[in-house]
Amino acid sequence: MKKVLFVSTVFAFTVGACSTSEKQIVDTLKKNPQLVFSVIEENPEQFIDVVNKAARKAQEGQQQKQMVESQKQQEEQIKNPLQPALSDKRLLFGSKSGKITIVEYADFQCPACRMAYSSLKQIKEKYKDNIQIYYKHMPLDFHKM
């Protein structure tokens with residue numbers, strides 16, 4: 001019984017001494033930050049490695065947060081899709097009774113829009129009267145015309 005008590009007392013003393021020691025170290029470093037700088041100067045490669053690892057870890061954390069946020073936005077957009085304003089006066093390709101509505105936002109000078117148009121043409125041919133296609137001109141400011 002005495003041995004157990006002795007070990008517990010030593011453990012309690014050691015834990016108490018460690019926390020006091022840590023506090024003393026922190027206080028010393030706060031009062032003398034040059035101590036940290038001198039250690040860094042003596043170990044520059046190790047310091048750079050640690051900083052680079054921390055930076056990578058921070059970047060990974062940011063990327064993870066961005067992915068989660070992006071996924072939330074996508075889910076929200078799927079639940080509540082935007083509804084474009086389509087008037088009866090707007091030019092329509094296809095049938096007014098079509099169950100599928102496609103709104104194409106494009107620029108006449110855009111090469112990507114030109115490539116997408118061939119796919120859109122195939123969709124028009126395949127679905128004929130089951131589709132409504134509306135075109136909305138969205139000129140890109142970096143095209144000359």
Side-chain angles (χ1 to χ4, degrees), residues 1-94 98-127 130-145:
M1 189 70 133
K2 290 180 182 180
K3 289 180 183 178
V4 173
L5 180 60
F6 175 72
V7 172
S8 298
T9 306
V10 169
F11 179 73
F13 176 74
T14 305
V15 171
C18 286
S19 61
T20 303
S21 177
E22 286 178 16
K23 184 179 182 323
Q24 289 172 343
I25 291 171
V26 169
D27 289 343
T28 302
L29 291 175
K30 284 182 179 180
K31 291 176 185 173
N32 303 297
Q34 189 57 37
L35 294 172
V36 174
F37 303 138
S38 65
V39 172
I40 291 170
E41 287 175 352
E42 290 176 21
N43 303 287
E45 291 176 1
Q46 188 177 7
F47 174 74
I48 293 296
D49 287 344
V50 169
V51 169
N52 286 336
K53 285 178 186 175
R56 279 193 297 273
K57 190 173 181 179
Q59 287 173 341
E60 290 170 1
Q62 280 298 100
Q63 288 173 345
Q64 187 66 25
K65 284 180 185 177
Q66 288 173 346
M67 283 179 39
V68 168
E69 185 60 34
S70 177
Q71 195 171 19
K72 284 180 185 177
Q73 287 176 349
Q74 288 174 356
E75 290 170 1
E76 184 63 31
Q77 289 172 352
I78 289 171
K79 289 177 186 174
N80 301 311
L82 296 175
Q83 298 294 323
L86 301 172
S87 72
D88 291 339
K89 297 175 186 174
R90 181 167 291 282
L91 181 60
L92 166 69
F93 300 97
K99 297 175 184 173
I100 302 167
T101 303
I102 296 176
V103 181
E104 176 188 16
Y105 294 86
D107 179 350
F108 293 120
Q109 293 183 313
C110 175
C113 296
R114 186 178 315 125
M115 289 189 305
Y117 178 70
S118 65
S119 298
L120 198 56
K121 248 170 94 173
Q122 291 174 3
I123 291 170
K124 264 191 339 189
E125 291 170 10
K126 183 175 179 179
Y127 293 99
N130 290 322
I131 196 162
Q132 302 178 44
I133 300 175
Y134 293 93
Y135 178 84
K136 289 197 172 194
H137 189 214
M138 188 177 83
L140 301 171
D141 58 359
F142 53 86
H143 288 144
K144 294 177 184 175
M145 300 178 74

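In this chain, residues are counted from 1 in sequence order.
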Subject >> Of Gln77, Lys79, Gln83, the residue whose pairing with Pro81 passes side chain to side chain contact (heavy atoms under 4.5 Å, CB included) >> reply: Gln83

**OP:** Begin from the C-alpha positions of Lys136 and Leu86 and carry the test side chain to side chain contact (heavy atoms under 4.5 Å, CB included) through to its verdict.
**Re:** CA-CA 10 Å; Lys136 289 197 172 194; Leu86 301 172; 3.9 Å; yes

Original post:
Does the distance from a Lys or Arg side-chain N to an Asp or Glu carboxylate O, for Asp49 and Lys53, drop under 4.0 Å?
Top reply: no

Original post:
Of all heavy-atom pairs between Ile131 and Ile133, which one has the smallest distance, and what is that distance?
Top reply: CG1-CG1, 4.0 Å

Original post:
Would you call Gln34 and Phe37 a side-chain contact if the rule is heavy atoms closer than 4.5 Å?
Top reply: yes

Original post:
Closest heavy-atom contact between Asp107 and Cys113?
Top reply: N-SG, 3.6 Å

**OP:** To the nearest 0.5 angstrom, please state how far the CD atom of Gln24 sits from the OG atom of Ser21.
**Re:** 6.0 Å

Original post:
Going by heavy atoms in the side chains, are Gln73 and Glu69 under 4.5 Å from each other?
Top reply: yes

Subject >> Distance, nearest 0.5 Å, that separates CZ of Phe93 from CG of Leu120 >> reply: 9.0 Å

Subject >> Flag, side chain of Glu104 to backbone of Tyr135, donor-acceptor distance under 3.5 Å >> reply: no

Subject >> Worked check of side chain to side chain contact (heavy atoms under 4.5 Å, CB included) between Ile100 and Tyr127 >> reply: CA-CA 9 Å; Ile100 302 167; Tyr127 293 99; 4.3 Å; yes

Subject >> Considering all heavy atoms, the nearest Gln109-Arg114 contact >> reply: O-NH2, 4.5 Å

**OP:** Step by step, work out the side chain to side chain contact (heavy atoms under 4.5 Å, CB included) result for Leu29 and Asp27.
**Re:** CA-CA 5 Å; Leu29 291 175; Asp27 289 343; over 6 Å; no

Original post:
Does the side chain to side chain contact (heavy atoms under 4.5 Å, CB included) test come out yes or no for Gln132 and Thr101, once each step is laid out?
Top reply: CA-CA 5 Å; Gln132 302 178 44; Thr101 303; 3.8 Å; yes

**OP:** Inspect the surroundings of CD in Gln46 and state if more than 12 heavy atoms from other residues, nucleotides or ligands are less than 6.0 Å away.
**Re:** no

Original post:
Just wondering, are more than 12 heavy atoms of other shown residues or ligands nearer than 6.0 Å to OH in Tyr105?
Top reply: yes

Original post:
More than 12 foreign heavy atoms under 6.0 Å from CD of Glu45: is that the case here?
Top reply: no

Subject >> Atom pair CD (Gln74) and CE (Met67), whose distance is rounded to the nearest 0.5 Å >> reply: 10.0 Å

Original post:
Counting N and O atoms only, with roles assigned by atom type, does the side chain of Ser70 sit under 3.5 Å from a partner on the main chain of Gln66, one being a donor and the other an acceptor?
Top reply: no

**OP:** May I ask you to test the Val26-Thr28 pair for a side-chain heavy-atom distance under 4.5 Å?
**Re:** no

Original post:
Rounded to the nearest 0.5 Å, how far does CD of Glu41 lie from CG of Asn43?
Top reply: 10.5 Å

Original post:
How many angstroms lie between atom CG of Asn52 and atom CZ of Phe47, to the nearest 0.5 angstrom?
Top reply: 9.5 Å

